[in-house]
Amino acid sequence: MAEQQQDTGATAQAAPATPTVIADDLHIVYRVYGGGGKGSATAALNRIIRRKPGGSVREVHAVKGVTFTAYRGEAIGLIGSNGSGKSTLLRAIAGLLPAERGKVYTDGQPSLLGVNAALMNDLTGEKNVVLGGLAMGMSRDQVRERYQGIVDFSGINEKGDFISLPMRTYSSGMAARLRFSIAAAKDHDVLMIDEALATGDRKFQKRSEARIRELRKEAGTVFLVSHNNKSIRDTCDRVLWLEKGELLMDGPTDEVIKAYEKESGK
Amino acid sequence: MSTVSETTHDGAVAMSAPPSPDEGLTPAQLAQKYGLSQSGARPGLFEYVRQLWDRRHFIAAFSSAKLTAQYSQAKLGQVWQVATPLLNALVYYFIFGLLMGGRGSMSNDVYIPFLVTGVFVFTFTQSSAMAGVRAISGNLGLVRALHFPRASLPISFALQQLQQLLFSMIVLVIVLLGFGHYPSMSWLLVFPTLVLQYVFNTGLAMIMARAGAKTPDLAQLLPFIMRTWMYASGVMYNLTEQLRNKHAAEWLINLLASNPASVYIDLMRYSLLGHGFNHADLPPHVWALALGWALLVGALGFVYFWKAEERYGRG
């Protein structure tokens with residue numbers, strides 16, 4: 001408890017600090033079926049007969065006791081090597097992954113920038129814009145209102161009427177652009193971006209970076225996961241460094257990134 | 001926790017900062033002070049219903065999108081919505097109608113509509129259960145990426161099956177007309193029957209969705225359970241008549257005739273077949289049974305599903 005109090009006290013120095021996200025000793029555990037052990041049917045039967053239920057279930061402890069407080073107006077970067085638990089932490093903050101132990105408190109509904117999962121490749125771009133918008137919680141009127149904006153932003157129709165074709169016919173770049181445009185069409189209280197910046201061609205990247213800056217202004221707090229230290233430096237004023245699911249460091253961008261680069265041997 | 005680097009680092013900053021009034025509060029107290037709510041906590045039952053109502057457009061759009069996507073790679077496209085049940089009916093006609101002749105005391109012009117009604121109505125319940133069991137486990141990506149009341153998924157899948165059934169009903173009407181069953185007032189009974197069956201199916205899909213989220217193996221087991229249920233519900237024969245011929249106990253006959261699938265199938269047959277399927281063929285208190293099953297399974301399924309709301313998505 002002692003270090004948690006110190007932690008909240010330390011970050012509270014950011015002027016009229018209103019907390020928007022509080023993580024309190026957060027643990028996330030994934031259960032993976034069918035991992036480990038021999039994969040054959042006889043091995044599985046053997047396990048059932050011997051009554052070892054844990055045989056084919058493996059637990060992955062992805063986030064181990066993370067505690068921090070985020071304040072209104074902050075842009076927080078998350079860094080760490082692959083598999084260090086960054087994306088998992090974001091999903092837990094969004095309330096999408098249930099916590100094993102500990103709690104996350106948030107102001108309003110944090111949202112993850114991403115609608116990929118709601119879209120269907122067999123549907124036309126048009127229908128996907130509507131479906132994606134509704135999936136993010138927009139009303140029918142809001143979707144209708146923003147429809148043209150989304151299509152124009154994605155630039156799908158620059159080379160002809162592609163929006164009325166099924167999404168499976170799009171090139172991977174076109175599909176990524178449409179997905180980003182749909183996801184970025186909504187305003188958010190607490191916004192989380194998971195390495196979404198590097199999609200599309202150069203022109204589109206510029207446009208999407210501008211849009212993210214806009215979203216940052218509207219949102220209370222922004223979290224950004226990235227392996228690109230430069231984009232973290234450009235956008236964030238505070239950085240959390242995760243390693244093996246533990247919070248290794250929490251502080252101003254320059255200090256943490258310097259330590260991170262030293263550690264990763266650059 | 002690696003608190004060492006954290007505290008030394010933060011301690012340095014804290015010294016230069018003026019003492020904050022929030023210092024000394026635990027995270028839980030701090031959250032309470034600023035009115036922060038717990039992320040991913042399960043909302044109350046009424047709040048949950050309200051959230052679902054807010055998502056009604058998504059539920060409708062998702063189910064029709066799934067339905068459209070089903071045949072979008074086929075050249076004939078949406079024609080298959082009607083062609084699939086039509087071909088199904090044709091196969092049953094060849095096998096049970098032409099090859100084996102009419103069953104029991106029924107002539108062909110009663111038996112074929114009787115059979116097709118049974119198959120379509122049972123398929124509605126069957127595919128709702130099958131879609132329900134994969135509603136969460138098959139859409140983990142969606143559950144882990146976006147925020148919405150999870151009950152949207154099983155409800156939406158059951159709605160997709162209802163839309164599918166409405167296409168099948170077009171075929172059913174053609175079959176009925178073909179065998180000389182013309183529209184009458186009793187056809188109106190189709191609507192309350194469908195509503196009740198939809199509520200029942202949605203409840204069933206929600207029960208299956210929670211069970212399937214916890215135990216994905218259920219998806220492998222379910223087809224066998226459903227097939228057993230089909231034979232116990234008199235889809236292809238008149239159950240009561242067959243059991244009476246075998247001198248089964250009366251309580252067993254009543255029990256099997258009161259099972260929900262059988263109740264909805266019989267009601268639909270009674271509504272559509274007119275002279276071929278009389279009131280005498282219905283089990284006693286059939287409307288009460290239909291309503292009771294719908295309310296019981298609908299409410300039970302909803303509460304059962306909601307109870308685990310915050311746990312969906314752990315895979």
Side-chain angles (χ1 to χ4, degrees), chain A residues 1 3-13 17-20 22-24 30-33 64-65 67 69 91-99 103-107 109-112 114-118 120 122-123 127 130-131 134-137 139-140 166 246-251 255, chain B residues 1-3 5-7 9-14 16-28 30-41 54-55 57-62 65-66 68-73 139-148 216 310-315:
Chain A
M1 274 292 123
E3 87 276 356
Q4 287 166 9
Q5 287 163 13
Q6 210 163 351
D7 182 35
T8 37
T11 18
Q13 40 104 26
T18 322
T20 50
I22 302 175
D24 179 10
Y30 285 102
R31 294 205 167 72
V32 186
Y33 295 94
K64 303 169 187 161
T67 300
T69 308
R91 287 188 172 158
I93 294 170
L96 297 164
L97 267 180
K103 287 191 171 97
V104 181
Y105 303 94
T106 56
D107 177 28
Q109 182 57 69
S111 23
L112 207 59
V115 284
N116 308 9
M120 294 178 206
D122 283 334
L123 295 182
K127 284 194 175 150
V130 176
L131 187 65
L134 290 172
M136 289 191 302
S139 69
R140 268 206 190 283
E246 292 174 351
L247 189 59
L248 217 56
M249 216 172 156
D250 170 6
E255 277 179 50
Chain B
M1 267 186 76
S2 62
T3 46
S5 57
E6 194 188 336
T7 30
H9 163 77
D10 278 340
V13 183
S16 60
S20 154
D22 293 338
E23 204 157 352
L25 290 178
T26 64
L30 192 68
Q32 204 188 4
K33 182 176 171 189
Y34 287 95
L36 268 57
S37 54
Q38 198 186 327
S39 191
D54 283 349
R55 289 302 180 115
H57 295 303
F58 169 62
I59 294 174
F62 191 72
K66 279 265 175 205
T68 321
Q70 218 173 354
Y71 299 110
S72 73
Q73 303 244 27
N139 289 288
L140 274 181
L142 193 56
V143 170
R144 285 189 187 153
L146 287 173
H147 239 283
F148 55 88
E310 75 279 15
R311 293 203 291 277
Y312 302 122
R314 190 204 296 259

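Below, chain A is the first sequence line, B the second, and so on; all start at residue 1. This is a predicted model, so every value here is computed, not measured.
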Should T68(B) and M120(A) be marked as a side-chain contact (heavy atoms from CB on, under 4.5 Å) after you check the CA-CA gap, both sets of side-chain angles, and the distance that decides it?
CA-CA 10 Å; T68(B) 321; M120(A) 294 178 206; over 6 Å; no

Tell me whether H147(B) contacts the main-chain N or O of A94(A) through its side chain, where contact means a donor paired with an acceptor under 3.5 Å.
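Yes; judged by distance alone, with no hydrogens or angles, the pair exists.
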
Atom of L123(A), atom of A65(B) and distance for their closest heavy-atom approach:
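Closest pair (atom of L123(A), atom of A65(B), distance): CD1-CB, 3.4 Å.
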
Nearest atoms (heavy-atom pairs only) where A135(A) meets L146(B):
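Reported closest heavy-atom pair: CB-CD1, 3.7 Å.
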
When only pairs under 4.5 Å are counted, which of T106(A), V130(A), L131(A), D122(A) shares the most heavy-atom pairs with chain B?
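Heavy-atom pair counts peak at T106(A).
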
What residues, two or more places apart in sequence or in another chain, satisfy side chain to side chain donor-acceptor pair (under 3.5 Å) together with T20(A)?
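Side chain to side chain donor-acceptor pair (under 3.5 Å) check on T20(A) returns T221(A).
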
From OG1 (T69(A)) to CG (L30(B)), nearest 0.5 Å:
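Those atoms lie 6.0 Å apart.
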
Going by side chain to side chain contact (heavy atoms under 4.5 Å, CB included), name the residues that satisfy it together with A60(B), two or more places apart in sequence or in a different chain.
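Listed in chain order: nothing, the list is empty.
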
